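Treat the numbers as computed from the prediction; the structure is a model and nothing was measured. Reckoned from all heavy atoms, side chains included, excluding hydrogens, waters and symmetry mates.
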Amino acid sequence: MAYDDAGRTAPPETSSGVPAAVLENVFDDPAHGEPGRDRIAVHVFWEFVLLAGLVAMAWLLWREDSDALRGGSLKTLLVDVAALGLLALAAGLSLRAGAVNLAIGPVALAAALHFAEQGDRGMREALLPALAIAAAAGLALALAVVVLHVPGWAASLAGAAGVIVYLERRTAPVTVQGDYDPRGSALYFFVGFAAIAVLGGLFAAMKPVRRLIGRFRPVADPARRRGVAAATVTALALVGSTVLAMLGGVLIAANGDGQVAPGTGLDWTVLAVGTVMLAGTSAYGRRGGIFGTLFAVCLVVVFLAWTVPHGWTVSRWALGGAVLGAGLLVTRLVETFGRPRPAPPGPLGPVRPARDGALSGGWTMTPPPEPADAWPSVLPVRQHDTPVEAWEAPRWDTEPRRWDADDR
């Protein structure tokens with residue numbers, strides 16, 4: 001057993017025992033990562049499964065009611081995809097940043113009620129105040145998360161409670177004022193959502209971007225701060241998710257049946273978070289796919305349209321719970337098969353994982369560098385060793401003979 005002082009002088013980032021230049025090429029997150037880079041193949045496989053499910057569900061809807069996929073019904077369907085897609089983008093953005101925003105549902109419902117009451121004043125007069133309030137609320141949530149460094153789900157749940165207090169002031173459905181009809185721009189809404197979802201997934205698949213977005217994801221002690229870059233990106237993600245949720249709520253109200261029923265809005269949160277997790281976004285943050293959000297949102301909306309010809313009434317709580325449960329299984333799939341492969345041995349040997357034997361004072365227990373019986377030599381080694389008789393050594397002739405003094 002041996003003790004060394006490496007833990008006292010080396011920073012935590014170098015616990016793998018490999019220089020930073022090597023870590024940059026081996027680790028997906030060189031400061032706090034595990035050996036190797038994230039794998040994308042599991043996302044490609046799962047997105048093929050989602051696409052197959054979407055095609056099958058669209059065929060079932062076409063067989064039951066072909067009119068649902070043409071004309072005005074198709075435009076309504078596309079706006080529904082865009083509305084739920086904005087909520088899914090809000091949930092996915094905060095999830096990828098490692099601080100899920102659970103207030104997106106109440107924010108969306110509050111925005112829907114606001115638009116229903118103020119829509120007759122014009123789109124500009126109705127949207128600008130809602131946009132300002134949503135940005136301010138998102139900024140307050142972001143400051144609470146990054147300054148106090150608390151979990152995003154806890155801080156956003158507290159924010160959701162505050163929004164629900166506002167929602168509970170209404171006890172009756174609110175009739176949508178104004179005559180704005182988003183179905184006239186249904187194709188633009190759908191294409192816009194699809195472009196943001198796909199381009200965002202492609203952009204986040206780049207190693208430096210994925211590493212930066214998921215920097216807030218804990219890797220050791222969850223209460224340990226992750227740096228200024230992580231705090232900045234997470235704050236922007238929370239503000240952006242709140243604004244996207246507000247825009248989604250406006251589309252929900254404008255594309256509805258003319259009335260907005262009050263409630264808590266948490267059912268929309270469950271449905272949005274479950275949909276984006278079903279799409280392949282990890283509940284732990286950072287990892288996610290490219291086309292998954294687009295396919296998952298379309299699958300959920302087409303399924304809801306398929307239930308209409310059957311006369312079924314599907315609760316958002318029931319659907320959201322089912323989708324969220326499936327999303328948990330997908331998270332396990334992504335985390336199991338999306339984690340990096342072990343790094344191949346390099347010139348310095350295989351990369352070692354972070355040491356587990358660090359004591360509280362920074363001392364580490366490391367195996368001895370050599371066998372215990374192989375003690376290093378502390379005496380000089382003679383180059384030319386010639387045998388010398390012990391009794392003929394020069395010291396016996398030069399040293400005084402002490403026993404002569406004793407005999408006297």
Side-chain angles (χ1 to χ4, degrees), residues 80 83-84 86-91 94-95 99-121 123 125-145 148 150-178 180 238-276 300 304 313-324:
D80 286 339
L84 180 58
L86 288 173
L87 295 183
L89 288 176
S94 60
L95 265 179
V100 59
N101 186 358
L102 298 183
I104 55 176
V107 168
L109 184 56
L113 289 171
H114 170 80
F115 179 79
E117 294 174 340
Q118 306 295 329
D120 56 342
R121 301 176 56 188
M123 290 295 299
E125 289 72 14
L127 283 180
L128 288 181
L131 180 62
I133 294 174
L139 182 59
L141 174 61
L143 291 176
V145 171
L148 300 179
V150 294
W153 66 266
S156 61
L157 192 60
V163 179
I164 291 173
V165 172
Y166 165 79
L167 295 174
E168 286 182 340
R169 297 172 57 187
R170 292 163 174 79
T171 58
V174 178
T175 303
V176 178
Q177 307 296 320
Y180 174 71
L238 289 173
V239 174
S241 66
T242 307
V243 172
L244 287 173
M246 183 275 299
L247 295 175
V250 171
L251 276 185
I252 291 173
N255 196 46
D257 57 358
Q259 286 187 333
V260 178
T264 63
L266 290 177
D267 51 347
W268 285 107
T269 296
V270 174
L271 182 59
V273 174
T275 301
V276 78
V300 171
L304 288 174
T313 301
V314 179
S315 169
R316 276 192 297 270
W317 282 110
L319 180 60
V323 173
L324 184 59

Return the [atom1] to [atom2] distance between [X] and [Y], rounded to the nearest 0.5 Å.
X	Y	atom1	atom2	result
Leu87	Ile252	CG	CD1	5.0 Å
Leu89	Leu244	CG	CG	6.0 Å
His114	Leu127	NE2	CG	7.5 Å

message: Do Val323 and Val270 have side chains that approach each other closer than 4.5 Å (heavy atoms only, starting at C-beta)?
response: no
- prompt: Is Thr171 close to Pro262 at the side-chain level, that is, under 4.5 Å between some pair of heavy atoms?
  reply: no
Got a sec, which residues hit side-chain contact (heavy atoms from CB on, under 4.5 Å) with [X], two or more places apart in sequence or on another chain?
X	answer
Gln177	Asp120, Thr175
Leu271	Leu84, Trp268, Thr275, Val300, Arg316, Leu319
Ala144	none
Ile133	none

Under 3.5 Å, sequence neighbours excluded: what are the donor-acceptor pairs made by side chains of residues 156-167?
{"unit_1": "Ser156", "atom_1": "OG", "unit_2": "Val100", "atom_2": "O", "d": "3.4"}
{"unit_1": "Ser156", "atom_1": "OG", "unit_2": "Leu102", "atom_2": "N", "d": "2.9"}
{"unit_1": "Ser156", "atom_1": "OG", "unit_2": "Gly152", "atom_2": "O", "d": "2.7"}
{"unit_1": "Ser156", "atom_1": "OG", "unit_2": "Trp153", "atom_2": "O", "d": "3.2"}
{"unit_1": "Tyr166", "atom_1": "OH", "unit_2": "Arg170", "atom_2": "NH2", "d": "3.2"}

Closest contact, heavy atoms only, [X] versus [Y]:
X	Y	value
Val145	Ala99	CG1-CB, 4.4 Å
Val276	Ala88	CG2-O, 3.7 Å
Leu86	Leu251	CD1-CD1, 3.9 Å
Val239	Ala135	CG1-O, 4.2 Å
Ala134	Val243	CB-CA, 4.4 Å
Ala126	Gln118	CB-O, 3.7 Å

- prompt: Taking only residues two or more places apart in sequence or in another chain, which ones pass side chain to side chain donor-acceptor pair (under 3.5 Å) with Thr242?
  reply: Asn101
